[in-house]
A.B. asks: 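Quick one: the structure is below, questions incoming.
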Amino acid sequence: MAWIYLLLYIVDHNLAPIMSESYGQCEFNMGATGNQFYNNLWQQAAAQGITAFVSSGDNGSAGCDFELDQGLQPPQPAQYGLAG
């Protein structure tokens, strides 16, 4: 989980105009708290002019399809770099 502190450090100190992240798991498995953390982080990054890219994972964009069918809220605009 040390990588979370790295992401926070990059955004809090405005170290780079572009950053890339890979969740390593489906958003569904991160739970509401994990998803809210990323939503807040991406909003802060966008407000500072940092472009954040997130990989689609090993299963591609369909990696969470089963979980989405179970009623998970879809990702928010900031998670796609569209906020701001």
Side-chain angles (χ1 to χ4, degrees):
M1 289 264 247
W3 50 269
I4 289 177
Y5 297 110
L6 179 60
L7 294 175
L8 286 169
Y9 190 85
I10 290 169
V11 173
D12 286 346
H13 293 88
N14 212 20
L15 292 180
I18 300 171
M19 60 188 279
S20 178
E21 159 68 327
S22 174
Y23 293 145
Q25 61 181 318
C26 179
E27 290 95 339
F28 180 81
N29 297 331
M30 291 190 297
T33 302
N35 282 288
Q36 188 61 50
F37 164 79
Y38 277 108
N39 191 44
N40 292 340
L41 182 69
W42 301 147
Q43 285 183 25
Q44 180 181 346
Q48 293 172 208
I50 298 172
T51 301
F53 292 97
V54 179
S55 71
S56 62
D58 293 338
N59 295 327
S61 61
C64 289
D65 282 357
F66 173 76
E67 288 86 357
L68 287 174
D69 290 340
Q70 305 302 313
L72 176 69
Q73 180 183 16
Q76 301 301 309
Q79 291 170 303
Y80 290 114
L82 303 175

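Scope of the values below: all heavy atoms of this structure, side chains included, with no hydrogens, waters or symmetry mates.
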A.B. asks: Less than 4.5 Å apart, side chain to side chain, heavy atoms only: is that true for Ile4 and Phe37?
C.D. replies: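 Sidechains of Phe37 and Ile4: in contact.
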A.B. asks: Show, in sequence, the C-alpha distance, side-chain angles and deciding distance for Val54 and Tyr38, and conclude whether the side chain to side chain contact (heavy atoms under 4.5 Å, CB included) test is met.
C.D. replies: CA-CA 11 Å; Val54 179; Tyr38 277 108; over 6 Å; no
A.B. asks: I'd like to know if Leu6 and Phe53 are part of one continuous hydrophobic network [Ile/Leu/Val/Met/Phe/Trp/Tyr, side-chain heavy atoms within less than 4.5 Å].
C.D. replies: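 Per the 4.5 Å side-chain linkage, Phe53 and Leu6 are not co-clustered.
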A.B. asks: Using the test side-chain hydrogen bond (donor to acceptor under 3.5 Å, both in side chains), find all partners of Gln48 that sit at least two apart in sequence or belong to another chain.
C.D. replies: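 Residues passing side-chain hydrogen bond (donor to acceptor under 3.5 Å, both in side chains) with Gln48: Asn14, Gln44.
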A.B. asks: Apply the test side chain to side chain contact (heavy atoms under 4.5 Å, CB included) to residues Val11 and Leu7: give CA-CA distance (whole Å), side-chain angles for both, the deciding distance (0.1 Å), then the verdict.
C.D. replies: CA-CA 6 Å; Val11 173; Leu7 294 175; 5.7 Å; no
A.B. asks: Drop me the distance from Ile18's CD1 to Ile10's CD1, to the nearest 0.5 angstrom.
C.D. replies: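 Going from the CD1 atom of Ile18 to the CD1 atom of Ile10 covers 12.5 Å.
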A.B. asks: Can you tell me how far apart CD (Glu21) and CG (Leu41) are? Round to the nearest 0.5 Å.
C.D. replies: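 Nearest 0.5 Å value for the CD-CG distance: 8.5 Å.
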